[in-house]
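Just follow the structure's listing: the first ligand is 1, and inside any ligand the first atom is 1.
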Amino acid sequence: MLLFKRTEQISAYLHKQKEMGLSVGFVPTMGALHQGHLSLIERSQKENDITVCSIFVNPRQFNDKKDLEKYPRPVGHDIEMLTLAGNNVLFLPEVDDIYPPGINIGPDVDLTSLTTQLEGAFRPGHFDGVITVVYRLLDIIRPDRLYMGLKDFQQQRIIGEMISKLSLPATLIPCPSLRESDGLAMSSRNVRLSPEWRQKAPLLYETLTLTAEKLRTADPALLKEEAINKLNGAGFRPEYFEIRNQETLMPAIDIQADQKYVILVAAWAGDVRLIDNILV
Ligand code: AMP
């Protein structure tokens, strides 16, 4: 596996590969890799000649400084996993390389209808950070295809909208969420769960699944109330449990047979904030 730390070097290398007609798939991550990340890499390997994975813990998307400090950074282990997975190129930039001091690198695009709700309402500035870093990384890597997880449903929806509004040349490929055998969505934050919370954490997905099963026949407002009560009853501190339109992310008031929905949850399991969702 080739490892690049400098933006000019990886850009020059990939430029040459593309001149030779090779296609590039890109998987941006913040590291602490797990099978969920690897599933994106495998998908990219099937569909492209070269797969690039980046590991960059993006300070601008952390609204909570403590969360940034506590974010796991097992880089040596990540490199081993990527090597074993047969990943071709790893991009491991420094903060100053992604954000050259004094230069404003964010895109000029209004995505506020998607960014200010759900995660955006509870993590102010989070999506501005995500949009800026993905825009910057796309400019450096210039991939044919960009692989992102549906685990972060709102994030991939926002990036899809940015690509479409700016007519960027990459195609977004949203990939399904990988789960542990008990249903808990894989996440780099799961290692921080205490044994008790790790045992209780699958309740999030259980609640999403039950709500999804009833969605076409029951009142969404009642389903939402039921779910929040259940999570509170088990000691979670839910921030939101929402039934939204997949496209617009607007609240689902009446369920229409021809519309696609997503049910999203964010809840604190002790001192770890977990998110999950299910498509309906
Ligand atoms: P992160 O390192 O958490 O920023 O995630 C990097 C990418 O991996 C994002 O596109 C995530 O949506 C995706 N991802 C995270 N967890 C999972 C999972 N359990 N299954 C599939 N993709 C995931």
Side-chain angles (χ1 to χ4, degrees), residues 25-47 51-64 67-68 70-75 77-79 81-82 85 87 90-93 98 114 118-119 123 126-138 141 143 145-163 170-193 198 201-202 204-205 208-209 246 262 264-266 269 272-279:
F26 177 42
V27 181
T29 80
M30 297 205 298
L33 301 179
H34 50 66
Q35 289 302 320
H37 296 114
L38 293 190
S39 71
L40 272 54
I41 287 171
E42 279 162 26
R43 174 89 185 263
S44 168
Q45 287 171 326
K46 282 193 194 125
E47 297 175 354
T51 292
V52 180
C53 171
S54 65
I55 296 181
F56 179 65
V57 183
N58 176 28
R60 291 204 192 176
Q61 73 187 67
F62 285 83
N63 52 311
D64 176 353
D67 191 24
L68 172 62
K70 283 195 264 176
Y71 204 82
R73 291 171 173 85
V75 180
H77 187 245
D78 286 347
I79 292 178
M81 280 177 82
L82 289 170
N87 182 63
L90 169 60
F91 183 39
L92 205 58
I98 295 297
L114 298 177
L118 299 164
E119 285 298 284
R123 303 183 67 189
H126 168 66
F127 285 123
D128 293 337
V130 170
I131 290 166
T132 306
V133 81
V134 175
Y135 180 76
R136 172 79 171 129
L137 289 169
L138 287 176
I141 310 291
R145 294 177 195 84
L146 169 67
Y147 295 83
M148 297 188 87
L150 287 163
K151 158 82 175 22
D152 299 281
F153 185 86
Q154 190 178 8
Q155 168 174 278
Q156 62 79 37
R157 180 69 198 87
I158 289 168
I159 297 302
E161 192 69 11
M162 173 185 84
I163 289 176
T171 304
L172 175 68
I173 316 279
C175 302
S177 300
L178 251 74
R179 299 181 178 281
E180 303 291 352
S181 54
D182 58 10
L184 175 65
M186 290 181 184
S187 162
S188 307
R189 288 187 169 87
N190 291 351
V191 294
R192 290 183 36 222
L193 291 168
R198 173 61 193 84
L204 287 184
Y205 186 55
L208 287 170
T209 314
Q246 277 188 32
V262 54
L264 311 102
V265 63
V272 184
R273 187 175 183 277
L274 299 176
I275 61 169
D276 200 355
N277 67 78
I278 191 167
L279 305 181

Answer yes or no: does an N/O atom from [X] fall short of 3.5 Å to an N/O atom of ligand 1?
X	value
S187	no
L178	yes
Y147	no
M148	no
C175	no
P28	no

Between Y71 and F62, does the ring centroid distance fall short of 6.0 Å?
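Yes, the ring of Y71 comes within the 6.0 Å limit of the ring of F62, centre to centre.
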
For [X], state whether at least one heavy atom is located under 4.0 Å from any atom of ligand 1.
X	result
S188	no
H34	yes
P176	yes

Which of the ligand 1 atoms, numbered from 1, are nearer than 4.0 Å to a heavy atom of [X]:
X	answer
M186	16 (N), 17 (C), 18 (C), 19 (N)
S177	20 (N), 21 (C)
D152	11 (C), 12 (O)

Heavy-atom donor-acceptor pair, [X] side chain to [Y] backbone, under 3.5 Å:
X	Y	answer
N58	G129	yes
T132	D128	yes
N277	K151	yes

So among E47, H37, R43, which one has a side-chain hydrogen bond (donor to acceptor under 3.5 Å, both in side chains) with Y147?
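Answer to the side-chain hydrogen bond (donor to acceptor under 3.5 Å, both in side chains) test with Y147 among E47, H37, R43: E47.
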
N63 and side-chain hydrogen bond (donor to acceptor under 3.5 Å, both in side chains): which partner among H126, E119, R123?
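Result: among H126, E119, R123, R123 is the only option passing the side-chain hydrogen bond (donor to acceptor under 3.5 Å, both in side chains) with N63.
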
When you measure from [atom] to every protein heavy atom, which one gives the shortest distance, and what is it?
atom	answer
atom 1 (P) of ligand 1	H37 NE2, 3.7 Å
atom 10 (O) of ligand 1	G149 N, 2.9 Å
atom 22 (N) of ligand 1	L40 CD1, 3.5 Å
atom 4 (O) of ligand 1	M30 CG, 3.7 Å

Could you measure the distance from the [atom1] atom of [X] to the [atom2] atom of [Y]? Nearest 0.5 Å is fine.
X	Y	atom1	atom2	result
R189	D67	CZ	CG	4.5 Å
T29	I55	OG1	CD1	4.5 Å
L146	L137	CG	CG	9.5 Å

Salt bridge or not for D276 and R179, using N-O below 4.0 Å?
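Salt bridge: yes.
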
Does any part of the side chain of M162, heavy atoms only, come nearer than 4.5 Å to the side chain of I158, both counted from C-beta?
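With C-beta onward as the side chain, the pair stays apart.
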
Face-on cation placement of R145 at F26 ring, 6.0 Å and 45° thresholds
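Cation-pi check for R145 and F26: fails.
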
Which bit of V27 is near ligand 1, meaning a heavy atom under 4.0 Å away: side chain, backbone, both or neither?
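Neither part.
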
Could you pull out, from F56, F153, Y71, the option with a heavy atom nearest to atom 3 (O) of ligand 1?
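Checking each option, the heavy atom nearest atom 3 (O) of ligand 1 is found in Y71.
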
Counting heavy atoms only, which of K151, R43, Q61 is nearest atom 23 (C) of ligand 1?
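Result: the heavy atom closest to atom 23 (C) of ligand 1 is in K151.
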
